[in-house]
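One structure is given here, and the rest of the page talks about it.
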Amino acid sequence: MVLQSVWFILWSLLWAVYFILDGFDLGIGAMLPCLARNEDERRIMYNAAGPFWDGNEVWLISAGGVTFAAFPKVYATMFSALYAPLLMLLFALIFRAVSFEFRGKVEGENWRKAWDVVHFISNLVPAILLGVAFANLFMGIPVQPDANGFYLYHGNLLKLLNPYGLAGGLFFLAFFMMHGCLWLAFKSEGELKDRAITRANQLWIIVLVLLVVFLALTFVFTDLFQNYFKMPALFLIPVVALVGLLGVKAMLSKGKVFTAWVCSAVFCVAVTFFGTLGMFPRMIISSMNGVEALGAFNASSSQGTLTIMLIVALIFVPIVLVYQFLVYKTFSFKITKEYLDDKVAHAY
Amino acid sequence: MDVVVLSRLQFAVAVFFHFIFVPLTLGLSVFIAIMESIYVKTGNEIWKKHAKFWGKLFLINFTLGVVTGITLEFQFGTNWSRYSEFVGDIFGSLLAIEATTSFFLESTFLAVWHFGWKKVGKKMHLASAWLVAIASNLSALWIIQANGFMQNPRGYEIIAGRAELSNFLEVISNPYAWGMYGHTVLSAWLLSAFFIMGVSAWHLLKNSNVDFFKASFRKFAPITLISVCLVVLMGHTQGQNVAKLQPAKLAAMESHWETDSNVAFPLIVIPDAENERNSVEALKIPGVMSFLATNDFNAEVKGLKDFAPEDRPSPAIVTAVFWGFRIMVFLGCLFGLVALISCFQIKADMPNKLLLKVLNICVPLPYITIALGWLVAEMGRQPWIVYGLMRTSDGASQVPGGNVLVSLIAFIVVYSVLGVIDIYLLYKYSHKGPDAE
């Protein structure tokens, strides 16, 4: 029980870290047409994510890998049930990666413009899909075990695009965009920075509104609050989220963009945990009558596997965090015109 | 079409496409680290230039390797969910360990290498090159350990209908996996060495950057030869592993039908798998098949007929595996010959023109050879998804066939487009030479 709970928390944490890190670079990409006004500004936006996006995406691989390793039945059910959205996410991530790499490799405005369109869409789509997917997981999806105990999905893609799912998608998108604007403001200067701050302020209001809407809909459409009523101390988590979000505004008005980004990250962690702890110990809730949910206690791997994985995680995840932190520090400088023009810098 | 067939096709497309990009990553990462080491140690700028030139090609190639790898991790869940439920305890944990120990390291330090020429010191930059090289080759180890469990499952217990971990050390000391790892990684180095030789040859033929590419020709001719020898050696070892652990696969590779001892090796064979025989078997060398499989001329080698038809590869697969194996071995011998001749040309003021042309033509051949090797390994495992434990037909997800058909078509279209662009860029930048921007 303890080991499975620990893995449930680690699983939530991996998703939270993924949303913080890939959240900002997806957000920057999705803001590309709304922020950049010329080629230099576009390149600054690409390079604000430049050395980070690939390492950030590995957190998604790890979250997927940990679902597979620690909760195989959840992984099998979740991935086969969400077949269509996951493949769309996958194709978007493929296009996003190559848009970074290919855009600058051929001379010509049309070539770059085409990749800018690809880049925008391929950053926008994952942001929305992740929100839609998680909202549906909170609400429950139509799965039912067959005679052999394999959970089969009885819905389709359109069923995932219900009001609650869409609210989740918009909420994620708005948050990622705000989070991305904050990072861009930190990595740029001058006009682009000012514009990023203006957009961040506008998006902040949208995020706040969508947060309220999403929480209200969560109360209506899901039973996530039950865990909170059972253990009121947990209400601290949404409080932290709110404090984080208010912190973003406060720091923005003081002009401290990096601190605002950190507040935004705190908000992200709290929102993720608000959702997963509301589900706990369930990971796949069935929306069909009388079907048992799959979760930490009935769909986990063996104690042996969980133990070995925990040892690996306790050794390597801190190491990863340390070297990723150092790399972030190394590349925390402002992206300037001089940087873009410097051949030795090998900017995108 | 049936969802199992579609899922298999989709996985085949995804995995073969992924492995177009992986071998160059595995080999070139090590070679670039070596080049940069020479530069840092001797201060010779030409090797810095080499590291940068090959590094640019490495980056173009790397991106597609990464994103097509994510596809595979997703596919176990989307298309092979029953398999995933059955083996998740062991297979899933190996994939998760790969991500935490290797993939993070590779992706993070590749960024330091790519963007860090001015931002970090010389030594730190070199360390990043080595970390990328080590991490990518370590990553391959975990993935092949996972594949090893499909080929020769061990260290498990069947509890409540799934394979649960009983002994982790037994899982990761799988002789099949280690043999396969050696063979795979070395062949990736071979491919990368041939890539470097081929690009160098192209420039030498055009008289472009002669000193620069002569340096790489001279340095890599012996590396090419050494890697061919090691690949063959490891291939032989792995063949013996297969003989012991997967006798039906070995019999398919040799199109060997009747169990016998002191088995001859026919140089020329044309299988007639439908009728469970070979229509042509000529130039037999006595005892050699027994020897190749076991190091003993008199040993028994099991024939395909010894396995129930439902437990061994189907006739079509036997034919594919047989030809895949033969052509792979043939191409391997060809590489040995080309590498040997190249070594004799190291001292020449300008290597022989014909040799340079051959080297240039050779660039795609190791790609084909490696794909054939995987064809032998994976199709030869059929009809099992986990050898002897779970049939491929029992592993697929029960998702609507239409979904898989759509995604299969999407994969083929998207991968073709991206593959063409990527190969075009590799072609373009490899021909531009080291001074181009």
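Every heavy atom of this structure was used, including side-chain atoms; hydrogens, water molecules and symmetry mates were not. Sequence lines set the chain letters: A, B, ... in the order given, protein chains first and strands last, and positions in each chain run from 1.
The contact between A:Val106 and chain B is made by backbone and side chain atoms together, counting heavy-atom distances below 4.5 Å. Residue A:Ile308 touches chain B through its side chain alone, counting heavy-atom pairs closer than 4.5 Å. Heavy-atom distances place the side chain of A:Asp342, and not its backbone, under 4.5 Å from chain B. The parts of B:Phe76 that come within reach of chain A are both its backbone and its side chain, each placing non-hydrogen atoms under 4.5 angstrom from that chain. The part of A:Ala347 that comes within reach of chain B is its backbone (N, CA, C, O), which places non-hydrogen atoms under 4.5 angstrom from that chain. Interface remark: B:Leu64 contributes side-chain atoms only to the contact with chain A (heavy atom separation under 4.5 Å). For chain B, the nearby part of A:Val312 is the side chain; its heavy atoms alone come within less than 4.5 Å. Looking at A:Glu57, the atoms closer than 4.5 Å to chain B (heavy atoms on both sides) all sit in the side chain, from C-beta outward. Using a 4.5 Å cut-off between heavy atoms, B:Leu105 contacts chain A through both its backbone and its side chain. Both the backbone and the side chain of B:Val404 have a heavy atom closer than 4.5 Å to some heavy atom of chain A.
Few gaps surround NZ on A:Lys334; more than 12 heavy atoms of other groups in view lie less than 6.0 Å from it.
Below 4.5 Å, heavy atoms of chain A meet heavy atoms from B:Ser397, B:Gln398, B:Val399, all part of residues 392-402 of chain B. The stretch residues 121-129 of chain B places none of its residues near chain A, where near means some heavy atom under 4.5 Å from a heavy atom of that chain.
If you tally non-hydrogen atom pairs under 4.5 Å between each of B:Ser93, B:Ala99, B:Ala111 and chain A, the highest count goes to B:Ser93. Of all the listed residues (B:Ile90, B:Thr68, B:Asn79), the one sharing the greatest number of non-hydrogen pairs under 4.5 Å with chain A is B:Asn79. Contact count against chain B (heavy-atom pairs under 4.5 Å) is highest for A:Lys105 among A:Met88, A:Lys105, A:Lys73. When each of B:Asn167, B:Leu95, B:Val112, B:Leu110 is checked for heavy-atom pairs under 4.5 Å with chain A, B:Val112 comes out on top.
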Q) So A:Leu90 and B:Phe411, side-chain contact (heavy atoms from CB on, under 4.5 Å) or not? Walk me through it. A) CA-CA 10 Å; A:Leu90 184 65; B:Phe411 271 115; 3.9 Å; yes
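Under the 30°/60° scheme for interplanar angles, the aromatic rings of B:His114 and A:Tyr348 are found to stand perpendicular. Taking the six-membered ring for Trp and thresholds of 30 and 60 degrees, A:Phe68 and B:Phe91 have ring planes inclined between 30 and 60 degrees apart.
Centroid-to-centroid, the aromatic rings of B:Phe115 and A:Phe52 stay 6.0 Å apart or farther.
Of the possible donor and acceptor atoms, one in the side chain of B:Glu73 sits under 3.5 Å from a partner among the backbone N and O of A:Gly65.
Summarising the geometry of A:Ala76 relative to B:Glu85, their closest heavy-atom pair is CB-CG, 3.6 Å, with the distance given to 0.1 Å.
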